[in-house]
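Atom set for the values below is all heavy atoms of this structure, side chains included, hydrogens, waters and symmetry mates excluded. Not measured: the values here are computed from a predicted model. Lettering of chains follows the sequences in order, A, B, ..., and the numbering in each one begins at 1.
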Amino acid sequence: MAADNETIAAVFDELADLHEIEGDNPFRVRAYRNAARTLRGLGREAAQLLAAGEDLTRLPGIGRELAAKIAEIVATGTCAALERARARVPHGLVELLHVPGLGPVRVRTLHRALGIDSPEALAEAARAGRLRALPGFGERLEARILEALQARLDQARRFPLHKVEPVVARLLAYLRHTPGVARVEPAGSFRRRRDTVGDLDVLAVAADGAAVGDRLAAWEETAEVLSRGPTRASIVHRDGIQVDLRVVPLESFGAAWHYFTGAKAHNIAVRRMGQARGLKINEYGVFRGGERIAGVDEASVYAAVALPWIPPELREDRGELEAARQGALPRLVERADLRGDLHCHTTASDGRDDLEAMARAAQARGLEYLAITEHSRRLRIARGLDERGLLRHFTAIDELNARLEGITLLKGVEVDILEDGRLDLPDRVLERCEVVVAAVHSAFGLDAGRQTRRILRALDHPLVHVLAHPTGRLLGRRPPYAVDLAAVIRRAARNGVWLELNANPWRLDLDDVHCRMARDEGARIALSSDAHAAAELDHLRHGIDQARRGWLEARDVVNTRPLEALRPLLAARR
DNA sequence: ACGCCTGTGCGTGCCTATCTTCTGATAGG
């Protein structure tokens, strides 16, 4: 199958690294990195655009050369320019570039002066004390490099958002109890609610920045202090994540929060808009000449460039500034918009709570309906139900519904999509279900062609309402299976099948980019908890985070509808 | 390498803090 956007972006990133190490024109390096970024945020497969005969040079930052390379990579998986560059530059140097503290200048120095071309050789030289004498190096850097190599900190690690939430909560509570600290807020990708975060950014308002830095360094969960100055400090948390603290005076709070929230590309775009108006925007405020004209809150920063405030989840420079300028920002879906949940399990298959516990938990969370969707027979490990088991379960649901008030359980199933795309239960059973959720739980390793055909076949089944967790990924544990998601989204839109945004914080697929693609293609989203216990109904809020990053409004999410409006939609598939 | 303007060229996404260092390199959004 044709190379996907991630593959193309990876080629461009590597080209950027290689050219940077060679000391090539920095603008060329940036062009490669920009192109990689454009592709990752594109929301449509470049291969598809090419197949449709579209002109890729209309994409920002893609010109004749890069468009030709994209076509080459789509066809062959690589490109001649990459192979040539790889032949010129020892492979290990690219790895060296990703060691903290090393950039292109120092990597070149290492290679030229000492012949170092791999992390192993670097570690050996550092241990022998041969780095400190090099220009641009010193004893401290030598020690830090050795440490980074030994701790394998050179491997970029990202943490699932929900794993760092408790750390952030404890950190904020701790810093807020510091004398002289008026305010402490999270920023960075945590505030933008990305599904994974690389580090934690925290902003504090205080007159004495060094004192706040000292306080962070003294935190009982601090494992190591990386740097400390009068306005910023960085530490490594005992769980391995880096925490960056920034301290500003009150009048700069909004400008600093905006700066520290990013994304970087969004900041640059806003600052450019400022430039065009003769303004200078930095983390201390918005300045005309030497005069501060805005910055106490975020809204004032945006207002200085004639924009409304933009929700952090949208700040990726993926069109939000243009939308804001036109007054066309989406009205993002909120947790309170959800009226029901279309995917959960009970003790009847692999859940931990029974029907009644799940029903009451859903009601307590303000939901009006909950679809009970046990696994089907094929999924033995989850004690999947066969026809008899499922119909007996439906009887229990009917009985419970007769007793319950204020919450309605819907009779459903999460039916396995078999390797050939058929479903794990016969139609006569599926016809008895009010909600049919179909999902892949096996044969993750199929090639993209077969996996895509398999899923498309399931989407063509007239009794399927929802495609659950469309990529099967588990953050940091299991990559998405190979599937042409653009084709899946188009077929779902055409057939009126809903795509799930699985709110389990390890899954969160569809991801942000594909949620937006679905919206643009006219496919609807079912935002579901996939709860295997009553408490996991709280996972819905993680799904909301991702949905907002995907520009989704309440109307794009089917389970924002009240039950009486949903029932006809469900019935329409019958 | 892009993109704009032009005519085979030229300028090129922002701005600041800290350290590794010494007038720069790296890192951060």
Side-chain angles (χ1 to χ4, degrees), chain A residues 12 15-16 19-20 24-38 56-70 81 97-109 126 131-132 134-145 147-148 186-192 194 197-203 209-210 213 225-234 242-248 252 255-276 279-287 301 305 312 315-317 321:
Chain A
F12 287 165
L15 272 168
H19 282 288
E20 188 166 43
D24 199 350
N25 177 356
F27 296 103
R28 178 192 231 181
V29 172
R30 193 161 75 200
Y32 282 127
R33 296 224 162 97
N34 285 342
R37 204 184 144 269
T38 295
L56 296 186
T57 66
R58 292 168 48 163
L59 298 173
I62 308 290
R64 255 189 41 205
E65 295 279 331
L66 288 180
K69 284 187 175 68
I70 290 172
L97 194 60
H98 295 127
V99 173
L102 297 186
V105 175
R106 287 180 185 144
V107 167
R108 277 200 298 278
T109 301
L131 302 187
R132 62 187 66 177
L134 295 173
F137 289 77
E139 232 173 290
R140 279 193 63 179
L141 181 56
E142 186 179 75
R144 216 181 115 200
I145 286 173
E147 203 176 323
S189 52
F190 182 89
R191 184 172 176 229
R192 300 200 311 278
R194 271 191 67 171
V197 297
D199 60 14
L200 292 176
D201 302 299
V202 175
L203 175 67
V225 178
L226 295 174
S227 68
R228 199 167 2 164
T231 70
R232 65 183 305 160
S234 294
Q242 182 171 327
V243 177
D244 296 325
L245 169 74
R246 195 69 201 265
V247 189
V248 295
S252 297
W257 208 16
H258 180 257
Y259 151 72
F260 217 23
T261 296
K264 175 180 173 179
H266 174 91
N267 289 351
I268 290 172
V270 170
R271 287 179 179 191
R272 277 185 56 142
M273 294 175 74
Q275 264 186 338
L279 304 173
K280 182 167 85 165
I281 302 175
N282 59 29
E283 57 265 53
Y284 295 108
V286 180
F287 298 89
V301 176
V305 290
R315 300 184 195 170
E316 298 287 345
D317 193 25
L321 291 166

The contact string for nucleotides 24-29 of chain B, one letter per nucleotide 5' to 3', using protein heavy atoms under 4.0 Å with B, S and - for base, sugar-phosphate only and none, comes out as -SSSBB
d(NZ, Lys280(A); P, dC15(B)) in whole Å
7 Å
Using atom P of each nucleotide, how far apart are dC15(B) and dC10(B) to the nearest Å?
26 Å
Taking atom P in both dT12(B) and dA17(B), what distance in whole Å separates the two?
24 Å
Dump the pairs, protein N or O against N or O of nucleotides 5-8 of chain B, anything under 3.5 Å, distances to one decimal.
none

Nearest whole angstrom, please: distance from the C1' of dC19(B) to the CG of Leu131(A).
17 Å
Toward the 5' end of DNA chain B, which comes first, Arg64(A) or Arg37(A), by nearest nucleotide?
Arg64(A)
Starting at atom CD1 of Ile281(A), determine the distance to atom P of dC14(B), rounded to an integer number of angstrom.
12 Å
So Gln275(A), base contact, sugar-phosphate only, or nothing? Heavy-atom distance under 4.0 Å.
sugar-phosphate
Please enumerate all residues that pass side chain to side chain contact (heavy atoms under 4.5 Å, CB included) together with Arg191(A), with sequence neighbours excluded.
Trp257(A), Thr261(A), Glu298(A), Trp309(A), Pro312(A), Arg315(A)
Partner residues of Ser252(A) under the side chain to side chain contact (heavy atoms under 4.5 Å, CB included) criterion, sequence neighbours left out:
Val248(A), Pro249(A), Tyr284(A), Arg292(A)
Please enumerate all residues that pass side chain to side chain donor-acceptor pair (under 3.5 Å) together with Asp24(A), with sequence neighbours excluded.
His19(A), Arg28(A)
For Arg140(A), side chain to side chain donor-acceptor pair (under 3.5 Å) partners two or more places apart
none
Expected output: side-chain Glu142(A) to main-chain Leu131(A) donor-acceptor under 3.5 Å
yes
For Ser227(A), the side chain to side chain contact (heavy atoms under 4.5 Å, CB included) test, sequence neighbours excluded, returns Ser234(A)
Classify the nucleic acid contact of Pro230(A) as base, sugar-phosphate or nothing, counting any heavy atom under 4.0 Å across all strands shown.
sugar-phosphate
Whole-Å C1' distance, dT26(B) and dT21(B):
10 Å
Specify the separation, in whole Å, of atom CG of Leu66(A) and atom C1' of dC2(B).
8 Å
Is the phosphate of dT18(B) approached by Thr231(A) (side-chain N or O, under 4.0 Å from OP1 or OP2)?
yes
What is the distance, rounded to the nearest whole Å, between atom CZ of Arg140(A) and atom P of dT18(B)?
13 Å
With the side chain counted from C-beta on, respond yes when Leu66(A) and Tyr32(A) share a heavy-atom pair under 4.5 Å apart, and no when they do not.
yes
Which value, in whole Å, describes the distance between the C1' atoms of nucleotides dT20(B) and dG24(B)?
10 Å
What integer number of Å spans the C1' atoms of dT18(B) and dT23(B)?
15 Å
For a quick test of your reading: what N or O donor-acceptor pairs under 3.5 Å do the side chains of residues 267-274 of chain A make, sequence neighbours left out?
{"from": "Asn267(A)", "atom 1": "ND2", "to": "Tyr259(A)", "atom 2": "O", "distance (Å)": "2.8"}
{"from": "Arg271(A)", "atom 1": "NE", "to": "Ile281(A)", "atom 2": "O", "distance (Å)": "3.2"}

Sequence neighbours excluded, the answer for side chain to side chain contact (heavy atoms under 4.5 Å, CB included) partners of Arg106(A) is Leu102(A), Phe137(A), Leu141(A)
Rounded to the Å, how far apart are Arg315(A) CZ and dC14(B) P?
20 Å
What is the distance, to the nearest angstrom, from the NZ atom on Lys69(A) to the C1' atom on dA1(B)?
8 Å
pair Val202(A)-Phe190(A): side-chain heavy atoms closer than 4.5 Å:
no
Mind checking the C1' distance from dG11(B) to dC5(B)? Whole angstroms is fine.
11 Å
Just the rounded figure in Å: distance from P of dA1(B) to CG of Asp24(A).
8 Å
Between dG9(B) and dC14(B), how far apart are the two P atoms, rounded to whole Å?
25 Å
